[in-house]
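For reference, the structure is listed below as C-alpha cells.
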Amino acid sequence: MSNFDEMDAFEGASTPLSQRAMSARPMPYLDGLNPAQREAVETLYGPVLMLAGAGTGKTKALTARIVHLMNAAKARPNEILAVTFTNKAAREMKNRVGGMLGQSIEGMPWLGTFHAICVKLLRRHAELVGLKSNFTILDTDDQIRLLKQLLRAESIDDKRWPARMLAGFIDGWKNRALTPEKVPSADAGAFNNRGTEFYAMYQKRLLELNAVDFGDLLLHVVTIFQTHDDVLNQYQRWFRYILVDEYQDTNVAQYLWLRLLAGGHKNICCVGDDDQSIYGWRGAEVGNILRFEKDFPGAKVVRLEQNYRSTPHILAAASNVIAGNEGRLGKDLWTASEEGEKVRLIGHWDGEEEARWIGEELEAMQSGTRGMNPISLNDMAILVRASHQMRAFEDRFLTIGLPYRVIGGPRFYERMEIRDAMAYFRIVTSPDDDLAFERIVNTPKRGLGDKAQQKIQMAARANGVSLVEGARIVVENKAIGGKGGAELAKLVDGLDRWAALTRGPRVATIIDDDAVLDDGPQMSEPEFGPPEMSHVELAQVILDESGYTAHWQNDKTPEGPGRLENLKELVKALEQFENLQGFLEHVSLIMDNTQEDEAAKVSIMTLHGAKGLEFPAVFLPGWEDGLFPSQRSMDESGLKGLEEERRLAYVGITRAEDICTISFTANRMVFGQWQSQLPSRFIDELPEDHVEVLTPPGLYGGNYGAAGMGMGGSGQSDLEKRVQDANVYNSPGWKRLQARKDNRPMSQPAESKNITIDMTAVSSFSMGERVFHQKFGYGAVIGIEGDKLEIEFEKAGTKKVVSRFVAAADAADDIPF
DNA sequence: GTGGTTCATATTTTT
DNA sequence: TATGAACCAC
C-alpha cells in the first residue's frame, strides 16, 4: 500500500494553534531547569542519552524537551514520537506537556506506549503481515489457552511440557524480534526440540484467527519496517523527533524498532537509568543503554545527578549498595536537601513480628508520636520483594484496623468477569472471533460441555466457517438435543439480534480527503449508518440478555458483588468511546486499575510495582538472603541475577524521601515450613555511617549464626553454603553495625490504637448476625469485644476483625471500601 | 456436566 | 500453607 500522496498532503497541514501561541512567548519552561536538565532539553538534534538517576527530574526534563521541540525546532506535535512503557507514564507526560503549554494536548497522537503505538501502526499496515486491520489482541491468558489447544492437538503431555513453558520460549523469541524462521539453531533444543515448530504453528494459527499477542505488536511492526523500505521511509520522515522513556527497559525488538525509525535523522533522545533496570527477566536488555554511544556515534550523554527526592543518608545508602554492581555507566547522585534521619535497620523474630512492628511504626508516624510531624498514611509504603510477603501485613492491618491498599495484583482487564464480558462484545462485533466464542459459549452454564462444543467445532470445520456459523448449523440440524440445544439456539439468536443492534445499515464507503486526520498515513474505513441504540445500552443489553449478569447475581462466593461492580464499571468505561469496536481496539492496552480512593491508606506493593513512585516513608521488609536477593534469581541467572536484585534494592531505597526502614527476620515460613533466615547480603552493603541499627540487643547476637549452622545438615554443599552465609553475617560490616546499634526499645505501642473506637461500629452488630467481609466473605458474628468482632466465616474460618471492615450481609453493596 | 476430591506447585509482571 | 489444575465419581 502506498500512502505517499496522503503523506504529501500532511506536509502542508496547517500549523496547530498550540505552536503559534507558543512561539510568540519566550521559553519559561526552561527557567526551572538545572544546567544538566537544560543541556538535555536544548540539545535538539542528534542522538542524546539522558542518564537520569532516581529522583533527578527526568520527567520534567522530558516534558520540557517536548515543548522545546515544538517551540524552538518548530516541530508539529504529530511529528514527535514519544514512547513510554506504561499507560500511566504516557498519561502523565501528556498531562504535563499540556500543563506547560497551558492547554489540553490533543495534538500528540504519537505519545504513548510501545504497544499502543505499534497497534496504531499495525492497524494501518496489517495486510503486509497477513492480518486484517481489525485484528484482536490476545492477552497472556488467551495465548496460553491457544497454545494448550495446539499442544493437545499434537497429544503433548502438558504435565511434562506445559503450555506456559512454551509461551515462555515464544515470548523470549519475540522479545528478541525473532520470527520462527530466524530462531537460531542454538535454540533448537527448546521445548523438547519442538519449540520452533510449535512457534511456527502458533503464528499460523494467530493469522487464521486474525489475532496477535503482545509480543507480535512489536515483532510485526519490526518485520514490516525491515521488509518494506517504503513504509519505513515514510515513518522515518514523519517522526522527525523521537523520545524514549525508561530506555534501560527496552528489549531487542523495541531497540530494533527504535533504531529503524531513528535511522535517518538520528534525532533520538533516550532517557533511562541503567541502575534501575529490573525487568531483565521480561526480556529487557540493560545492554541497550550501556551500548548507546556505540550504537549512535557522536551521541551526547547527559547525566542528571542532582536528586530532588531523598535525604543524603538515603542517597548514600542507595549509592553504596548499587556500587557493588559491575559495568555501570555510573552516576554520582547528590542533593541539596537537609540531612534528615539515617536509614533504619531492624531485625525481627519472624514475619508476624515484623508486620506487627511496622504496623506500630505506621501508627506512630501517622499520629506524630515519633516526635515528628504526623505523616499521612498515603505517604507511607511497604515495598516487598514477593507478593506473598503481603499477606502478613494484610492480616495484621486487618486486625488492628489500619487502612491499607494493595497496589498491583490482577489488572482490571485481566479479571475473569471483564474478560468474559469483553468476549461477548467481541463476538458481537466480529462473529468470526472463534476464541471469544469458545470463551462464552458455556458461560454462563448453558449445558454445553466438551461434547457439544466438539460438535460445533466439527460443523464449523466441515463447512469452513467460524464457530458461530458452526453453531448455527448445529442448531438448524438439531444436532444437540435437550437443554443444551435449546440454550444454543437462544445464544445464536441473541448474537444475531445484538449484532444487528451494533450498527445501522452499511453505507457506501466515503473517502473525504479533507477529513483525513493529520496524525500520519491514513487508511479509509467503511462507514455505517447510525446505530439504533447507544453502544453503552447495547453492552448492558448483551450482558443482561445473555444471562451473564444474572450469573454473578446468583453467585454465592464473596467475590460476586465485587464482580458485578466491575461489570458496572466496565459499562461505564464504554462511555468514553464512540462504539464497541473502538472500545475493544484499545481496551486491552489501556484499561488499568482506576480505583480512585478517598481515605488515607498505606500502600503495599512489590518493589517492581514501586518503580517511578516516591513516598516520604518507606518500609523495606524481608531483606533476607534467599528472599531478597531471591534465590531463584541467583540460581537462574547467576551474577546477572544478583545484580538485578541489587538494582531492585537500589530502586527500593530510592523510593524514600525522608525515612527508609529496612528490616529482616530470623525465621520465615517458606512453603509451609519454618526456615531460619540470614540477613540479606545487601544489608552488609549499607554504609554504616548512614544507618541506624534499631535491633534490640540479645535478639540477634551470636546465637543467630549458630541456629543457621545447626539446621544445615542436609548435604555437603548446602552446609558449606550455610557456613559461608554465616560468615557473611559475621562480616566486619555487620559487626560494626551491631557495635553501633542503639539500645533503645523497639518502639512504644501506639496508644491511639486503643483510644479510637468507632462507637457507631461497636453497636451496629449483634451476636449471630450474618455479615460480609471483603476478604473473608460471608460469616456469622460469634463474639463482640469492643470494636472487634469474632466472626465465623463460611469459607475462611474464624477470625477476629475490626467491625468497620465488615458490613451486614444484606447490605453487602454498601461496604465502605 | 458438575462437584468434590487429590496432587503438584510455589518470584518479580510495564503491555 | 494454600492455591490451582486435573481427574474421577455421580
Side-chain angles (χ1 to χ4, degrees), chain A residues 83-91 112-119 137-141 143-144 148 157-160 162-164 168 171 174-175 212-218 245-246 248-251 253-254 276-284 351 383-392 407-411 413-414 442 445-453 482-484 487 586-593 605-613 622 626-637 641 644-645 647-648 651-652 668-675 795-797:
Chain A
V83 252
T84 63
F85 275 85
T86 66
N87 293 305
K88 204 173 144 209
R91 216 178 307 130
T113 64
F114 275 103
H115 294 267
I117 289 170
C118 282
V119 170
I137 302 165
L138 306 189
D139 61 27
T140 327
D141 210 64
Q143 187 191 21
I144 298 285
K148 270 195 179 142
D157 175 11
D158 63 353
K159 275 267 163 58
R160 200 177 210 142
R164 294 205 157 278
D171 285 344
K174 288 187 178 176
N175 286 338
V212 299
D213 61 24
F214 285 139
D216 280 336
L217 292 172
L218 272 135
D245 195 15
E246 307 280 17
Q248 78 283 350
D249 288 337
T250 49
N251 62 31
Q254 288 156 341
Q276 293 187 64
S277 164
I278 55 175
Y279 283 102
W281 50 275
R282 284 283 252 109
L383 312 182
V384 297
R385 172 69 245 269
S387 47
H388 63 76
Q389 289 173 262
M390 294 178 179
R391 232 195 86 170
I407 298 187
R411 310 201 168 285
Y413 67 83
E414 278 169 5
N442 201 30
K445 299 275 181 284
R446 294 193 172 86
L448 297 162
D450 276 351
K451 258 171 105 186
Q453 289 186 40
K483 180 173 174 265
E487 287 285 327
H586 293 286
V587 73
S588 56
L589 295 174
I590 62 160
M591 291 285 284
D592 39 26
N593 290 339
M605 65 186 99
T606 64
L607 288 163
H608 285 91
K611 197 168 84 162
L613 304 178
L627 177 61
F628 187 45
S630 134
Q631 192 59 50
R632 189 149 164 189
S633 266
M634 295 188 292
D635 289 347
E636 282 175 9
S637 317
E644 184 154 309
E645 296 285 307
R647 291 192 289 264
L648 213 39
V651 168
R668 196 173 286 276
M669 180 88 102
V670 181
F671 301 148
Q673 286 214 294
W674 282 104
Q675 282 204 313
K795 295 238 153 78

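Convention: sequence-line order gives letters A, B, ...; per-chain numbering from 1. The figures that follow rest on heavy atoms only: side chains count, while hydrogens, waters and symmetry mates do not.
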Between atom CZ in A:R164 and atom P in B:dT13, what is the gap in whole Å?
14 Å
Value in whole Å for how far the C1' atom of B:dT2 lies from NZ of A:K451
15 Å
Heavy-atom side-chain proximity of A:W281 to A:H608 below 4.5 angstrom
yes
Look at all strands and tell whether A:K611 reaches a base, only sugar-phosphate, or nothing, counting heavy atoms closer than 4.0 Å.
nothing
Can A:W281 be called stacked on B:dT12 when the rule is centres closer than 5.5 Å and an angle between planes below 30°?
yes
Is A:Y279 touching bases, backbone alone, or none of the nucleic acid, heavy atoms closer than 4.0 Å?
base
Expressed in angstrom and rounded to an integer, what is the separation of A:R391 atom CZ from C:dT3 atom C1'?
11 Å
Base, sugar-phosphate, or nothing for A:D139, non-hydrogen atoms under 4.0 angstrom?
nothing
Take atom C1' in B:dT11 and the same atom in C:dA6, then report the distance between them in whole Å.
24 Å
Would you tell me if any nitrogen or oxygen in the side chain of A:S387 comes within less than 4.0 Å of OP1 or OP2 on B:dT12?
yes
Side chain of A:T86, heavy atoms from C-beta onward: which of B:dT15, B:dT2, C:dA6 has the nearest atom to it?
B:dT15
Determine whether a donor-acceptor pair (one donor, one acceptor, N or O, separation below 3.5 Å) exists between the side chain of A:R385 and the base of B:dT11.
no
Whether A:E645 side chain and A:S630 backbone form a donor-acceptor pair below 3.5 Å
yes
May I ask you to say what A:S633 touches in the nucleic acid, namely base, sugar-phosphate or nothing, with a heavy-atom cut-off under 4.0 Å?
base
Kindly say if A:N87 contacts the phosphate of B:dT15, meaning a side-chain N or O under 4.0 Å from OP1 or OP2.
yes
Any donor-acceptor N/O pair, A:D171 side chain to A:G168 backbone, under 3.5 Å:
no
Interatomic distance, A:E636 CD vs B:dT11 C1' [rounded to whole Å]
9 Å
Name the nucleic acid region contacted by A:T606, choosing base, sugar-phosphate or nothing; use a 4.0 angstrom heavy-atom cut-off, strictly under.
sugar-phosphate
In whole angstrom, give the distance that lies between atom CG of A:D171 and atom C1' of B:dT15.
11 Å
Scan A:Q453 against the nucleic acid and name what it touches under 4.0 Å (heavy atoms): base, sugar-phosphate only, or nothing.
nothing
Would you say the base of B:dT15 and the side-chain of A:R282 have a donor-acceptor pair closer than 3.5 Å?
yes
Take A:H608 and A:H115, find for each the nucleotide of DNA chain B with the closest heavy atom, and name the residue whose nucleotide sits nearer the 5' end.
A:H608
Is there a donor-acceptor pair closer than 3.5 Å between any side-chain N or O of A:Q453 and the backbone N or O of A:L448?
yes
For A:D141 and B:dT13, what is the distance between atoms CG and P respectively, to the nearest whole Å?
17 Å
To the nearest angstrom, the CD-C1' distance between A:E644 and B:dT13 comes to 12 Å
Side-chain (A:N175) to main-chain (A:R282) donor-acceptor, under 3.5 angstrom
yes
When the distance from CZ of A:F671 to C1' of C:dT1 is rounded to whole Å, what number comes out?
11 Å
Heavy atoms only: give me the nearest A:A163-A:K148 pair and the separation to one decimal.
CB-CG, 3.7 Å
